[in-house]
Amino acid sequence: MIKTRGVLAGILLAGVHLGAQLVLQREQRELLRHAQVLKPVRKLFEFDSALVRQPGKSVVNGLSSQAGPRPEFAEVAREHGAYIQALEDCGLAVEVLPALEDYPDSIFVEDPALALGDAAILLRPGAPSRRGEPDQIESDLRRGFARVLRLESGFADGGDLLLTATGMLIGLSSRTDRAGANSLGALLRELGIESRIVTTPAGTLHFKSDCALIAADHVLCTAAMARSGTFDGYRLLVVPDGEQRAANSLRVNDTILAGEEFPRTIDLLRAAGYAVRALPVRAIGRLDAGLSCMSLRWKVARRA
Ligand code: CIR
C-alpha cells in the first residue's frame, strides 16, 4: 500500500514537473512572440536621418483638390525651411535634394518611396503627373540603403502607408489601388514586415491625411477615421471639428510636429503629455499636404 502510494506520488510529481515545464515553454514562446511584435515598436518613432526635396518654383502648380488661390512660392519655401529646421532640432541629419521643376509635387518625397532603415522601396504613385518621381529619387536611395526594392505593379503612394507596432497599414485611396497594395504587401513580407490593407475615409487624399500614430497604441485622427473601425483597440485622440487637417501630424523621436493653425489639437496633444512643435502649414495645406508628406525618415540600421 505504502509502495503504491509512493509510486502514485512519484507519477504525480513527474506530472506536475512536466506540466510546469510545458507552461514555462509556452511562456517562453509567448515572450519570444511578444519580443518579435515589439521589435518594430522601438523603431516606430526613432529616427536619425531624413531626406527632403527643395520645392521648385513649379510647386505652386502642384495637385490640389481645392478651389481658391494657389499658394505663393515664398510661403511654401518658408514652411519647408521651418520643417527642415524642426527635423534637425529633433536630432535628424537631413539631406536636402535639389528641386525638380518638372515635378511640381516632388517636394512631397514621402509619396514616391518608403524608407525602412535597412531597406527602401520605390513605389508607384497613383497620380499620372507624379509617376516619374520614383526614378528621380532612386539614385539618392541607393546611396543610403543597401537594399532598394521596387514596386512593379499597381499603384501605391507613401502617404497611404502607416507603420504600426504590428505591421504596415496600407490604405486604399484614389492613389493606392488593390493591385499596388497586394504587390507592396509581398515586398514588405520579403523584408519581414506584415501588412494589412485598410480603407481611407471618402473624400480624403491619403490614408495618413486622416491619421498619425503618436504612440504605439495611440492615434491622432479625424472623426471619420475613428468611425472607420481601422483603429479599434487603439486609444484615439480625435481632432476637433474644423481642424481635420491636423490629423496629418508627425511624431519624430519625442516630439510631435503639428500645424500651428490647429491650436485646439495642439492643446489636446499637450494635455495628453506630448511635446509639440508647431509649424506653419497654410501654403502646403492648399496643396492637400500635411507634415508627414515632406520627408522620408528612418533610423540607420547598425550592422551586427
Ligand atoms: C498631391 O496631391 O500629390 C500633392 N499635392 C500632395 C501630396 C501630399 N502627400 C501626402 O499626403 N503624403
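Everything numeric here is computed off the predicted structure, so don't read it as measured data. One-based numbering along the sequence shown. Both counts, for ligands and for their atoms, begin at 1 and track the order of listing.
Residues Leu287 and Pro71 form a side-chain contact, since some pair of their non-hydrogen atoms from C-beta on lies under 4.5 Å apart.
By the 3.5 Å distance cut-off applied to N or O atoms, Arg130 is counted among the residues near ligand 1. In terms of polar-atom proximity, defined here as any N/O pair under 3.5 Å, Ser64 makes no such contact with ligand 1. Backbone and side-chain nitrogen or oxygen atoms of Ser209 are examined, and none is located within less than 3.5 angstrom of a nitrogen or oxygen of ligand 1. Here's the thing with Asn248: none of its N/O atoms is less than 3.5 angstrom from an N/O atom of ligand 1. Annotation: Arg175 places an N or O atom under 3.5 Å from an N or O atom of ligand 1; distance criterion only. Between Gly62 and ligand 1, a contact under 3.5 Å exists for no N or O pair.
Heavy-atom proximity to Leu287, at under 4.0 Å, picks out these atoms of ligand 1: 4 (C), 5 (N), 6 (C). The distance from ligand 1 to the heavy atoms of Leu205 drops below 4.0 Å at these ligand atoms: 2 (O). Residue Phe108 approaches ligand 1 through these ligand atoms, each under 4.0 Å from one of its heavy atoms: 4 (C), 5 (N), 6 (C), 7 (C).
Among all protein heavy atoms, the one lying closest to atom 7 (C) of ligand 1 is Asp111 OD2, 3.5 Å.
Under a 3.5 Å cut-off, the side chain of Arg175 and the backbone N or O of Ala156 do not form any donor-acceptor pair. Proximity of a side-chain donor or acceptor of Asp177 to a complementary backbone N or O of Gly180 within less than 3.5 Å is detected.
Using a 4.0 Å cut-off between a side-chain N of Lys or Arg and a carboxylate O of Asp or Glu, Asp118 and Arg147 do not qualify as a salt bridge. Looking at Glu79 and Arg282, no side-chain N of the basic residue comes within less than 4.0 Å of a carboxylate O on the acidic one, giving no salt bridge. For the pair Arg130 and Asp111, the salt-bridge criterion is met [side-chain N within less than 4.0 Å of a carboxylate O].
By the 4.0 Å heavy-atom criterion, Lys208 is excluded from the residues contacting ligand 1.
When non-hydrogen atoms are compared, ligand 1 lies under 4.0 Å from neither the backbone nor the side chain of Asp157. Here Asp105 has side-chain heavy atoms under 4.0 Å from ligand 1, and that is the only part of it that gets that close.
Closest heavy-atom approach to atom 11 (O) of ligand 1 among the candidates Gly158, Gly159, Cys293: Cys293.
Geometric assessment of Lys299 against the ring of Phe47 yields a negative cation-pi assignment under the 6.0 Å and 45° thresholds.
Within the hydrophobic cluster formed by Ile, Leu, Val, Met, Phe, Trp and Tyr side chains joined at under 4.5 Å, directly or through other members, Leu296 is accompanied by Leu51, Leu97, Val109, Leu122, Ile137, Leu141, Phe145, Val148, Trp298, Val300.
In this structure, the side chain to side chain donor-acceptor pair (under 3.5 Å) partners of Asp140, at least two apart in sequence or on a different chain, are Arg143.
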